[in-house]
Amino acid sequence: MKDLTLMTSTLTPTPTPTPAPADLAASPRDAGPPGRRTRILALPEARWAGAATVLFLLALPLQLTGAPAWAWGSLYALAYVTGGWEPGWEGLKALRGKTLDVDLLMIVAALGAASIGQVMDGALLVVIFATSGALEALATARTADSVRGLLDLAPATAARLSPDGVEQTVVVAELAVGDTILVRPGERVGADGRVLDGASEVDQATITGEPLPVAKEQDDEVFAGTVNGTGALRVRVERDASDSVIARIVRMVQEASETKAPTQLFIEKVEQRYSLGMVAATLAVFLVPLALGAELSDSLLRAMTFMIVASPCAVVLATMPPLLSAIANAGRHGVLVKSAVMMERLGQVDAVAFDKTGTLTEGTPRVTDVRPLPGSGLDEDELLALAAAAEHPSEHPLARAVVAAARERGLELSAAEDFESTPGVGVRAAVDGRVIAVGAPAGLLRGAADAGSARAAVLAAETEDGGRTAVLVAADGVPVGVLGLADRLRPGATATVASLTGLTGSTPVLLTGDNPRAAARLAAEVGIEDVRAGLLPQHKVSAVKDLEGAGRKVLVVGDGVNDAPALAAAHIGVAMGRAGSDLALETADAVIVRDELATVPAVIALSRRARKLVVQNLVIAGVFIAGLVIWDLIGTLPLPLGVAGHEGSTIIVGLNGLRLLRDTAWQRAVSEGTG
């Protein structure tokens with residue numbers, strides 16, 4: 001993995017305009033940080049690789065159509081230079097550090113091929129390596145873009161209040177611990193702190209992953225970058241901008257990415273020894289016969305033949321086609337795996353950790369219970385219609401869920417008049433001549449001691465004990481019913497958990513920032529026993545590290561900004577594609593494009609199948625290389641036959657790996673994943 005110093009070196013948010021309240025109707029989970037994506041041609045590696053590819057594509061048809069050698073030869077030469085100078089230079093620098101990497105070996109092999117007339121083969125090798133380097137550089141740059149963009153979640157300025165109440169707009173970086181700031185309705189909170197006075201509801205999905213805004217009043221903690229609702233808050237700053245939760249998320253993503261185990265394919269683990277052995281053997285094949293009196297041309301030809309037949313090209317191709325075929329097949333079925341390394345890692349997984357909101361669930365609240373109080377004179381539809389009519393003017397997520405439930409039942413909603421919204425309490429409106437209040441039971445029942453209020457409190461408590469959010473409905477000050485709302489489970493979530501339990505030998509873990517009751521209810525539905533709730537991003541990372549400390553290879557599935565550090569720290573991270581934040585999508589090693597959880601066990605099974613084919617191909621390639629090398633050493637292997645044997649083994653292992661492109665391979669993986 002390339003050094004991530006491209007990422008921002010400061011944790012001070014860059015100045016960006018504070019979004020207008022009207023722009024904040026969408027959840028920050030959906031909005032994500034503003035995009036600042038590196039263009040592919042802005043990377044020098046991409047420009048050099050592109051130039052080499054164009055030159056190769058110009059030279060190849062000229063050679064095949066019998067054009068003069070100087071025409072296509074000069075183009076091939078330029079392709080060697082443009083595509084090979086950078087990996088060659090990096091290889092030489094590594095050599096100075098007493099390390100021989102495969103890039104330098106491939107450049108030498110390409111030049112060796114050219115020296116014995118295989119100019120096109122050498123140029124193709126150079127183009128492949130240059131393109132691979134460009135893709136790696138692009139992946140690193142895009143991750144850096146996303147981490148930098150995360151800082152834009154925090155506003156650039158804040159309204160600081162002096163002790164005498166004078167308001168001053170200051171840059172967030174100038175805020176000090178102990179300062180007081182004013183957060184108006186619809187604004188993002190400028191710093192981590194604690195509410196001094198005021199009441200509102202704050203959407204903090206970007207930090208905790210909770211699907212619903214959280215009521216905030218005096219002494220409650222708030223986080224920089226979260227979105228204030230309809231009330232105004234005075235907040236005492238408790239952390240510097242460089243130590244806010246958002247800034248710590250950035251640091252954790254960077255640190256996890258930098259300390260993650262080196263990304264190496266199986267063959268790369270023996271690359272150094274193989275490279276050194278091949279170079280030494282090639283020199284011996286050249287020098288020993290020469291010392292014994294052989295002709296220079298004969299010794300050089302034998303050595304070049306040895307280099308060609310012993311080069312690791314066939315071994316590298318034995319590894320890549322199965323993994324790349326698996327990537328292509330998974331992509332056709334809605335799973336984007338970002339590299340061959342990550343496809344290989346998927347097959348090693350033996351533990352899975354799920355986020356809750358937006359991952360196992362859809363991330364939006366739904367009405368699950370409609371419970372009229374005895375004596376209210378209302379049935380379920382009438383109660384829901386009254387509540388939806390009162391909530392209709394509100395933009396609160398719970399209000400939208402109530403209105404959506406009424407529409408699903410085909411209910412007609414009366415017009416609401418004199419609408420009022422009170423942060424932390426609820427809404428009030430006149431509907432059909434009655435004053436309807438809908439909101440939190442604690443707020444609407446405060447101070448009430450009659451029998452109807454007591455029954456409503458019991459009903460609300462039962463609803464909340466079941467892991468749902470309770471909403472009280474009152475008519476003319478008298479409780480008439482309770483609505484229960486909860487995040488809806490994704491289709492196939494239970495089956496996916498069961499499949500992963502069978503594949504990995506252990507039940508998945510639930511890591512969520514949501515409250516323990518909601519987490520426990522969902523875990524019971526899907527069959528998860530290990531539930532860790534109320535977690536901030538750093539706690540999720542700690543949980544992943546604990547699992548890995550016990551020797552597990554952990555796959556984390558998440559979707560939000562708060563999941564990004566855990567995705568980066570895990571053996572492999574998988575993000576939900578539709579609702580996933582920009583940072584989660586860039587940090588993850590794979591993306592479930594259509595949010596179909598059933599593809600997770602399927603892609604793990606496909607990866608394991610690819611790993612088996614890799615082993616088969618390595619055996620085939622090893623047999624061919626060993627046979628050709630022995631022939632060249634103890635006999636006289638004709639160069640054309642050596643090239644044919646080398647290329648033949650490459651074709652065989654390539655075709656074997658391409659078997660995973662077939663739809664039947666995915667169907668088999670689905671069967672293995674659910675079996």
J.: For the residue pair Ala566 and Val541, what are the closest heavy atoms and their distance?
T.: N-CG2, 3.7 Å
J.: Just by distance, do the side chain of Asp487 and the backbone of Thr364 share a donor-acceptor pair under 3.5 Å?
T.: yes
J.: Check Asp219 with Arg194, please: is the shortest side-chain N to carboxylate O separation under 4.0 Å?
T.: no
J.: Establish, from distance only, whether the side-chain atoms of Asn228 and Ser200 form a donor-acceptor pair under 3.5 Å.
T.: yes
J.: Does any part of the side chain of Trp666, heavy atoms only, come nearer than 4.5 Å to the side chain of Thr599, both counted from C-beta?
T.: yes
J.: Go through the steps to decide whether Asp663 and His333 satisfy the test side-chain contact (heavy atoms from CB on, under 4.5 Å), and finish with yes or no.
T.: CA-CA 9 Å; Asp663 282 338; His333 292 89; 3.6 Å; yes
J.: Under a 4.0 Å N-O cut-off, is there an ion pair linking Glu464 with Arg521?
T.: no
J.: Any donor-acceptor pair under 3.5 Å linking the side chain of Ser394 with the backbone of Ala399?
T.: no
J.: Do the side chain of His392 and the main chain of Ala389 share a donor and acceptor less than 3.5 angstrom apart?
T.: no
J.: What I want to find out is whether Glu462 reaches Arg371 closely enough, with some N-O distance under 4.0 Å, to be called a salt bridge.
T.: yes
J.: Looking only at non-hydrogen atoms, find the nearest pair between Gly439 and Leu444 and report the distance.
T.: N-CD1, 3.4 Å
J.: Got Val349 and Val554 here, is their nearest side-chain heavy-atom distance under 4.5 Å?
T.: no
J.: Please round to the nearest 0.5 Å and tell me the distance separating atom CG of Asp476 and atom CD1 of Ile436.
T.: 6.5 Å
J.: Are the side chains of Pro213 and Val202 in touch, meaning some heavy atoms are under 4.5 Å apart?
T.: no
J.: Applying salt bridge (charged side-chain N to carboxylate O under 4.0 Å, His left out) to Glu167 and Arg184, what does each step give before you reach the verdict?
T.: CA-CA 12 Å; Glu167 181 181 328; Arg184 293 184 171 85; 2.8 Å; yes
J.: With a 3.5 Å distance limit and no angle check, can you tell me whether Ser499 reaches the backbone of Ala495 through a side-chain donor-acceptor pair?
T.: yes
J.: Supply the atom-to-atom distance Asn329 CG to Gln667 CD, rounded to the nearest 0.5 angstrom.
T.: 9.0 Å
J.: With no hydrogens and no angle check, is any side-chain donor or acceptor of Thr226 less than 3.5 Å from a backbone partner on Val222?
T.: no
J.: Between Arg517 and Asp465, is there a side-chain N and carboxylate O pair less than 4.0 Å apart?
T.: yes
J.: Measure across Met576 and Val557 and return the closest heavy-atom pair with its distance rounded to 0.1 Å.
T.: SD-CG1, 4.0 Å
J.: Start with the C-alpha distance between Leu483 and Asp369, add both sets of side-chain angles, then the distance that settles side-chain contact (heavy atoms from CB on, under 4.5 Å), and finish with yes or no.
T.: CA-CA 5 Å; Leu483 306 180; Asp369 303 78; over 6 Å; no
J.: Which of these passes side chain to side chain contact (heavy atoms under 4.5 Å, CB included) with Ile528: Val509, Thr494, Val352, Leu360?
T.: Leu360
J.: How long is the straight-line distance from CD of Glu672 back to CG of Leu606, given to the nearest 0.5 Å?
T.: 9.0 Å
J.: Quick check for you: to the nearest 0.5 Å, what is the distance between Asp355 atom CG and Leu510 atom CG?
T.: 7.5 Å
J.: Using a 4.5 Å cut-off on heavy atoms from C-beta on, say whether the side chain of Val471 contacts that of Leu398.
T.: yes
J.: Mind running side-chain contact (heavy atoms from CB on, under 4.5 Å) on Leu511 and Phe354 for me, showing each step along the way?
T.: CA-CA 6 Å; Leu511 306 178; Phe354 278 106; over 6 Å; no
J.: State, yes or no, whether a side-chain contact exists between Phe223 and Leu536 at a heavy-atom distance under 4.5 Å.
T.: yes
J.: Evaluate salt bridge (charged side-chain N to carboxylate O under 4.0 Å, His left out) for Arg490 paired with Asp595, printing each intermediate quantity in order.
T.: CA-CA 9 Å; Arg490 285 193 185 278; Asp595 288 0; 3.4 Å; yes
J.: Going by heavy atoms in the side chains, are Leu378 and Leu373 under 4.5 Å from each other?
T.: no
J.: Under a 4.0 Å N-O cut-off, is there an ion pair linking Arg236 with Glu221?
T.: no
J.: Report the C-alpha separation of Val591 and Val574 in whole Å, then their side-chain angles, then the decisive distance to 0.1 Å, and conclude whether the side-chain contact (heavy atoms from CB on, under 4.5 Å) test is met.
T.: CA-CA 5 Å; Val591 176; Val574 177; over 6 Å; no
J.: Check this for me: does any side-chain nitrogen of one of Asp563 and Lys540 sit under 4.0 Å from a carboxylate oxygen of the other?
T.: yes
J.: Verify the distance criterion only: is there a donor paired with an acceptor across the side chains of His396 and Glu201 at less than 3.5 Å?
T.: yes
J.: According to side-chain hydrogen bond (donor to acceptor under 3.5 Å, both in side chains), who are the partners of Asp379, at least two apart in sequence or on a separate chain?
T.: none
J.: I need the single residue from Val473, Leu383, Val478, Val480 that forms a side chain to side chain contact (heavy atoms under 4.5 Å, CB included) with Ser376. Which is it?
T.: Val480
J.: Look only at the side chain of Thr463 and the backbone of Arg468, and say whether a donor-acceptor pair between them is shorter than 3.5 Å.
T.: no
J.: Salt bridge or not for Arg488 and Glu362, using N-O below 4.0 Å?
T.: yes
J.: Counting only heavy atoms not in Arg428, do more than 12 sit closer than 6.0 Å to its CZ atom?
T.: no
J.: Just by modelled atom types, is the Gly573 backbone N or O under 3.5 Å from a matching donor or acceptor in the Asp589 side chain?
T.: yes
J.: Considering all heavy atoms of both residues, which atom of Ala470 and which atom of Ala460 are nearest to each other, and what is their separation?
T.: CB-O, 3.7 Å
J.: Any side-chain to backbone donor/acceptor pair from Thr496 onto Gly492? Under 3.5 Å, distance only.
T.: yes
J.: Side chains of Val195 and Glu217, heavy atoms from C-beta outward: is any pair under 4.5 Å?
T.: no
J.: Which value, rounded to the nearest 0.5 Å, describes the distance between Ile572 atom CD1 and Leu346 atom CG?
T.: 3.5 Å
J.: How close do Ala493 and Val526 get, heavy atom to heavy atom, and via which atoms?
T.: CB-CG1, 4.2 Å
J.: Taking Glu391 first and then Arg400, would you say they form a salt bridge - that is, a charged N and a carboxylate O separated by under 4.0 Å?
T.: no
J.: Between Val438 and Leu472, is there a side-chain heavy-atom distance shorter than 4.5 Å?
T.: no
J.: Thinking salt bridges, do Arg552 and Asp350 make one under a 4.0 Å N-O criterion?
T.: yes
J.: Name the one of Asp197, Ile181, Leu161 that satisfies side chain to side chain contact (heavy atoms under 4.5 Å, CB included) with Val235?
T.: Ile181
J.: CG/Leu196 to CG/Asp220 distance, rounded to the nearest 0.5 angstrom?
T.: 11.5 Å
J.: When you measure from the side chain of Asp192 to the backbone of Ala224, do you find a donor-acceptor pair of N or O atoms at a distance under 3.5 Å?
T.: yes
J.: Would you call Arg409-Asp381 a salt bridge at under 4.0 Å N-O?
T.: yes
J.: Looking at every heavy atom in both Ile327 and Val337, which two are closest together, and how far apart are they?
T.: CG2-O, 3.6 Å
J.: Judged by atom type as modelled, is there a donor-acceptor pair below 3.5 Å linking the side chain of Glu420 to the main-chain atoms of Ala429?
T.: no
